[in-house]
Amino acid sequence: MTLKKIIYIIIIAMIAFLGYQAISFFAIEEDKINSVYLIPSDAIFIMEFDEPLENIETLSTSALWDHLQTNDQIHEMSAKVNALDSLFQQKSDLFNMIGERDVLLSAHMIKRDDYAFLYVVDMDKLSRLGVIKNNINQLLNKDFKVTKRNFKEVEITEITDLESFETLSIAFVKNQMIASYTHSLVEKSIDEYENPQIGRDLQFLEIQKELKKKGLFRLYLNHKQLTSYYKVFSNEPSAIVETLETNFNFSGFNIDEDDDRLLTATGYSSGNEVMDALVKALDDSGTGSIDAIGVLPQETALYMSFGFEDFITLHESFYNLLGEKQPDMAKQYEDGKTRVEEFIDIDLENDFYSWIDDEIAFAKADFPQLNDKDGLAIAFKTKDVDDSNKHLQHIENQIRKTTPVKFQTVEYKGYDIHYLNIKGFFKLILGSLFENIEKPYYTTINEYVVFSNSPITLKLYIDAYESQKTLFTDEYYRDFIDEFSNSSNVFLYVDTNKLAHASQSYLNADSKKELQDNENFFSQFTQLGLELKADGNHFKTKAVIHFDTDYDVEAQRLEKKSEGIPFSVLEIEKEEISKETIFDIPEIFPNDFTANSYVTKFNTGKTEMKVYLKDGIPHGRYKLYYFNGELKISGRFNKGEKTGTWRAYTRDGKLYHKKKF
């Protein structure tokens, strides 16, 4: 054999070998597993990203992202991501390889008042190369220490930051990389692989299939963990959270940003047998109007509207279906209904259900005249006001016969306020969501019968209606409500700033401090809406969060304080404040271009000026204060230019001048 033939054979062998390697890499698939199989069953929520780097880059160009960076915790997290080169010497190659992979992020309770995150990255064929697994020591600089241990035959690599002593735990299961700063979550993830719960749940998989590859990212809620998560923020129970946890299993949403002011989520929610029966009954009965806004005051912090075509039809359909699936629960309801009817000698279907039209609304108002526990109300839309009044009067008369309580009707501005002494009445007919309305007072406003524990609440509702200061006349509310349908089965609206104020007694100390310290940050997420429509065997859902760059909670308080006060009575020192020059802001030149804000102080230590920054340029909220601590100017910059509405105040805290830029 000649040397030439030997060379040919070697070349052919090399080509054959390389071809086999290419075929084995690109065509011969190794065993793979689904990312969600590694998510422990106690996940509170799961975020799913297809191309996280690209989506984060899309989000990072928005005003919403700029606002997120004003929060110290989020800014710190972003700084860690932006400084990955301090962790990995070969940042660009490594991070790009990981960044284009599918990523799951899940949240889990690790203590009663704390939670942590688990990351699952689908490495696809990269797992065959072992790029990260076998070369972590080479990818790290001297500021990190690497140790390894085994857990159930899976190697866990622990990377400790020698400055902060935070430890990142990483493991590889098939084609998946799992990581967390809480080592127990990585171990839980490995355990989950042996017996996946969420990943094999048919309801979760159905929702995931509907949402796959849509939006900036997907968010999945595990309703069975909501109460434990809620307890991080509040020591008081919540009927809404309890209802969501008891009757729903999973919700899934596509998250998208809309025109720099709205964060929109659309998706589906599924539940247990009780919820299945309700969805089917609502699907059969159709949707109802959202008209209660005509009687709900502008001070409304939260309301939930339930819509249907006819209450009796819905009621009968629901309990018939419930009797097939949960006969014990249906019997418990029937027994309670019978006890009430026999005790006061009424027929609930004829005396109460018959006059309800297509909407029931539950509301919480934040009136300054009320304490935190008041302001709750239920509004029933009536088919005929005279008919509802007749039947309610009959119930009232029957109660009078069976109870020793003496009461009389009170008239206020032409409206009669009545009293029903039936403890637990609404919990019986409408469920635990309404259990806080006990022994209610009621009145009729327009075509709605409004019930409340507090007669003062009813008086304030009447005042709002008579002065035409309802949600229907509130332009800010109406602009937001245009994002939703005119009718639905369930609609939830939250004015976040009013609710934060009205809920102070329900928050624990840590949550109160967090809210107070970050009030300016949270206050600009001003409105939340959630719409549910029955669709087959699940709810079709839509959620919208309104981000308002012009909202300034401190300025809003001062402006409200100034309402109705003529300028002639304000104390104005003209050398300090004039309409012509007040908004001439001196050049701002901070000494740290990486900071997210710039602050100057008086010699007393009090804040003189604060402005948010982006790349060393004013970008975001600006505030200037008087020496006595009162707000002098409030406005907003966009890349160094004044934008939106700027406001100026006198030394005694009254609004003096505002100007649109």
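Values reported hereafter were calculated over all heavy atoms of this structure, with side chains retained and with hydrogens, waters and symmetry mates removed. Here the structure is a predicted model, which is why all the values come from computation and not from measurement.
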Flag the pair His418 / Tyr442 as yes when their ring centroid distance falls below 6.0 Å, and as no otherwise. yes

By ring-ring contact (aromatic ring centres under 6.0 Å, His included), Phe250 pairs with (sequence neighbours left out) Phe204

Do the ring centers of Trp646 and Tyr622 come within less than 6.0 Å of each other? yes

Residues that Asp357 engages under salt bridge (charged side-chain N to carboxylate O under 4.0 Å, His left out), provided they are two or more places apart: none

Lys224 atom NZ, neighbour heavy-atom count above 12 within 6.0 Å: yes

Please determine, by modelled atom types, if Tyr441 and Thr457 share a side-chain donor-acceptor pair under 3.5 angstrom. no

Indicate, with yes or no, if the rings of Phe472 and Tyr477 have centres closer together than 6.0 Å. no

Any side-chain donor-acceptor pair under 3.5 Å between His108 and Asp42? yes

What's the verdict on salt bridge (Lys or Arg N to Asp or Glu O under 4.0 Å) for Asp463 and Lys413, showing C-alpha distance, side-chain angles and the deciding distance? CA-CA 9 Å; Asp463 288 343; Lys413 292 187 176 180; 2.7 Å; yes

Tell me yes or no: between the side chains of Gln524 and Asp548, is some donor less than 3.5 Å from an acceptor? no

Distance (rounded to the nearest 0.5 Å) between Ile356 CD1 and Leu314 CG: 10.0 Å

Within the 6.0 Å centroid threshold, strictly below: Phe484 and Phe480: yes

Do Tyr493 and Gln527 have side-chain N/O donor and acceptor atoms under 3.5 Å apart? yes

For the pair Arg636 (side chain) and Thr645 (backbone), establish whether a donor and an acceptor sit closer than 3.5 Å, ignoring hydrogens and angles. no

Can any side-chain N or O of Ser452 pair as donor or acceptor with the backbone N or O of Leu458 at less than 3.5 Å? no

For Asn486, is the CG atom crowded, meaning more than 12 foreign heavy atoms sit under 6.0 Å from it? no

Does atom NZ of Lys540 have more than 12 heavy-atom neighbours from other groups under 6.0 Å away? no

Short side-chain donor-acceptor distance under 3.5 Å, Glu359 and Tyr448: yes

Donor-acceptor contact below 3.5 Å, side chain Asp201 vs main chain Gln203: yes

Thr300 side chain to Leu296 main-chain N or O, any donor-acceptor pair under 3.5 Å? no

Do Ser270 and Asn249 have side-chain N/O donor and acceptor atoms under 3.5 Å apart? no

Work out which heavy atom in Lys498 is nearest to a heavy atom in Gln298; give both atom names and the distance. CE-O, 3.2 Å

Between Glu630 and Tyr649, do the side chains contain a donor N or O and an acceptor N or O under 3.5 Å apart? no

